[in-house]
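Just the heavy atoms: all of them, side chains too, but no hydrogens, waters or symmetry mates, feed the values below. In this chain, numbering begins with 1 at the start of the sequence shown.
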Amino acid sequence: MDLGIAGRKAIVCAASKGLGKGTAMALAADGVDLVITARGRDVLEATAEEIRNRYGVKVTTIAGDITSEEGRRAALAALPAPDILVNNAGGPPPGDFKTFGLEDWRKALEANMLAPIALIQATVYGMMERGFGRIINITSSSVKSPISNLELSNGARAGLTGAVAALSRRAIRHNVTINNVLPGWHDTDRIRGTMASRAERAGVAYDTYVADAVAETPAGRMGTIAEFGAACAFLCSAQAGYITGQSLLVDGGEYPGLL
Ligand code: NAP
């Protein structure tokens, strides 16, 4: 399917690995030129080269922390008027609600709520003037089904979802959409790290722990970054101009509710 976005330009945040990379690859496959960001320069450059070699699109790298003002300024300086913005960053740490201080909450809100809001504010009005824009917030299945021990993530991501809900309904009149994509378990470094520490705590070999855990899920496996990226790319397509303000679960059927 031709997504009708060849030649468009996207900022994809936190995209040297994992879900951000999957999304960058899927957009590049449809001919979108990219600005990709991450903190670590080496992996970022390697990912950029991989995308250029595979898809022949222009890829600019910005090494920096997208949750900082400086990091955002650098990304926007590289592409001040993007057609597509994909918000993403590392997630807050797990922990016990009882022990979180306000500083922990401030950091989580800064990274997973305020940083995307700042990037949306900086780009959405230009998109509306130009008559095309697609904004994706990579959040978490925890927005629909909060996860114990991930309260920092639950709160910040739900806050972002609420903060842009009304704006998404105003922007669509100008062919600008804002949607949230909610990953369940995907096979990324982050999830591998989480699984490894859980396996260690349980005293079980990593492979056994993962096999048992995924066997419990409807799909019987984790999602791939390519599957996740393809869902995001569709929401960025020309054809998706009538979809806005939605929270799309990409979780292999894990969420059990009807709606
Ligand atoms: P990942 O495999 O660890 O990849 C994270 C990517 O983001 C890397 O490229 C990393 O590069 C970059 N990054 C992290 N913090 C950044 C920052 N402050 N500024 C710029 N770049 C940054 O993680 P992932 O699994 O793709 O997860 C992405 C997001 O989805 C996270 O918020 C995670 O909590 C959420 N999520 C993931 C899953 C899942 O199953 N994978 C499920 C639910 C929610 P550097 O480290 O070099 O910066």
Flag yes if [X] and [Y] sit in one hydrophobic cluster, no otherwise; membership is Ile, Leu, Val, Met, Phe, Trp, Tyr, and two members link when side-chain heavy atoms are under 4.5 Å apart.
X	Y	answer
I62	L85	yes
L76	V124	yes
L3	Y55	yes
V35	V59	no

What distance do [X] atom [atom1] and [Y] atom [atom2] have between them, rounded to the nearest 0.5 Å?
X	Y	atom1	atom2	value
L109	L114	CG	CG	6.0 Å
I5	D83	CD1	CG	9.5 Å
D104	T99	CG	OG1	7.0 Å
R72	I66	CZ	CD1	7.0 Å
I243	S168	CD1	OG	12.5 Å
R134	L27	CZ	CG	12.0 Å

Would a distance-only check, ignoring hydrogens and angles, find a side-chain to backbone donor-acceptor pair under 3.5 Å from [X] to [Y]?
X	Y	answer
N112	N154	no
R130	G126	yes
N137	T139	no
T37	A14	yes
S142	S145	no
D33	K9	no
E151	N149	yes
T194	R190	yes

May I ask you to say whether [X] pairs ionically with [Y], meaning some side-chain N is under 4.0 Å from a carboxylate O?
X	Y	result
E103	R106	yes
R192	D189	yes
R52	E49	yes

Which atom pairs, donor and acceptor, lie under 3.5 Å between side-chain atoms of residues 245-259 and protein residues at least two apart or in another chain?
residue, atom, partner, partner atom, Å
Q246, NE2, T244, O, 3.0
S247, OG, N180, ND2, 3.4
D251, OD1, G253, N, 3.0
D251, OD2, E254, N, 3.3
D251, OD2, Y255, N, 2.7
Y255, OH, L259, O, 3.3

Problem set entry | Close side-chain approach of L167 and I178, heavy atoms under 4.5 Å | yes
